[in-house]
2 protein chains.
Amino acid sequence: MAATLRLVDERGLEHVTVEDISEAADVSPRTFFNYFATKDDALLGGPLPHGPSMHDRLLAVPAGVPLVPAILQAMSADIAEIQGERDLWLTRLRVIKSNPSLLPLLVARGECAEEETVVAVAARTGLSTDDLFPQLAATLTGAAFRTAMMRWATTGDNLYDLVRETFEVLEKGLAPTHEEVTR
Amino acid sequence: MAATLRLVDERGLEHVTVEDISEAADVSPRTFFNYFATKDDALLGGPLPHGPSMHDRLLAVPAGVPLVPAILQAMSADIAEIQGERDLWLTRLRVIKSNPSLLPLLVARGECAEEETVVAVAARTGLSTDDLFPQLAATLTGAAFRTAMMRWATTGDNLYDLVRETFEVLEKGLAPTHEEVTR
DNA sequence: GTCAAAATTGCAGCGGCTGCAAACTTTTAC
DNA sequence: GTAAAAGTTTGCAGCCGCTGCAATTTTGAC
């Protein structure tokens, strides 16, 4: 993973072959594919954070807390983890920005989390997973989170604060002028 | 494109080769790649709707209209076009649902529209394209639109109404219980 | 040291994708 | 009608991503 990130960061995705990577990592190309299904996977596809599932974490938030802050709280562990691997993630996001074909991959990575979010939101609100609202809540929080991350990559602000800002917009509604957001 | 959609719908993405497609379409495989950069592109990568850009359309909406309804109005032409090619899109969405690896592609397709939306929202609100709000507005409306589309693919409801519902949530805020939405 | 389980590797091969140059088709000018 | 120009399709050779399989090497328990 480290070798892949470094090489792609230096030369660009197209100018790095799996052979280059495996040579840099001192393994055979075949071994590379024993660990990563795709060349791209070596950039983002590290093992997903384990810990308790989104579902459990969201239901663990006291019932009185409104939905959006509850989701934020449920995500805080992931946010902390990302901030803990700051340099790794900043490189990843830089690589993604300079190789736009990778962005969908970032989305895909968030997707499994989103599916869990659908179930969790449905459980918390008493709706069915087939209802529009849980699905919408999952995709919107996912999108807001991703936006916050991309912004974090360029501004370097505190990630948690950025996510909180985006979630506030989600909660309050997408209104044209938010003084506290525009800065 | 038609041949690709049909074959992939029948057999699944993995069990259709470019050779199969080009044979079905009565062209050489090489010709296939003269028109589509990728096998996947033949599923979603038709030429993007032309017409006036999102930017122009959004600025054409009277200044008094709040942001979210304005974006909805600016998108209505695209929505109508998608509904006009209902069968094509339903097949596409069915194919995407049964081949999840394609979903990122749908996102990518919407992405260029989102970039335009960033610029347009910035212009309309007087903010910079580097500010958080326009970026957030673009990704959130994009996500809401995609959710509406996926739902449209299964329920068959009117697409415009579905988008309107999701946009209402966006505008009013992501609150736990919306009677009119949960149904 | 022995042996079984696990990790690594080579190899052969498919399929996606590209550059190039040849063949073919259509358009245009006269 | 003809011939040059312009555009389209095609074959070919070849790189690279990726996979199944079987052989080899490494690891670790005893």
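All values below come from the heavy atoms of this structure, side chains included, with hydrogens, waters and symmetry mates left out. Reminder, nothing fancy here: chain letters follow the sequence lines and each chain counts from 1. Keep in mind that this is a model prediction, so the values were computed, not measured.
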In whole angstroms, the gap separating P of dA7(C) from CG of Asp26(A) amounts to 19 Å

Does a side-chain N-to-carboxylate-O contact under 4.0 Å join Arg146(B) and Glu114(B)?
yes

(message) With a 4.0 Å limit, can you tell me whether Tyr35(B) has a side-chain N or O closer than that to the phosphate oxygens OP1/OP2 of dT8(D)?
(response) no

One should read off an interatomic distance between Phe32(B) CZ and Asp41(B) CG, to the nearest 0.5 angstrom, of 8.0 Å

With Leu174(A) as partner, the option from Thr141(B), Val169(B), Val121(B), Leu174(B) fulfilling side-chain contact (heavy atoms from CB on, under 4.5 Å) is Thr141(B)

**Message:** Looking at Glu19(A), I want to see if its CD is surrounded by more than 12 non-hydrogen atoms of other residues, nucleotides or ligands under 6.0 Å.
**Reply:** no

(Q) Can you tell whether the side chains of Arg92(A) and Asp9(A) come within less than 4.0 Å, N to carboxylate O? (A) no

Separation of dG17(D) atom P from Asp41(A) atom CG, nearest Å, is 14 Å

Any donor-acceptor pair under 3.5 Å linking the side-chain atoms of Thr166(B) with those of Thr147(B)?
no

Readout for nucleotides 12-25 of chain C: B = base within 4.0 Å of protein heavy atom, S = sugar-phosphate only, - = neither; 5' to 3' it is ----SBBBB-----

dT8(C) phosphate, OP1 or OP2, under 4.0 Å from Thr31(A) side-chain N/O
no

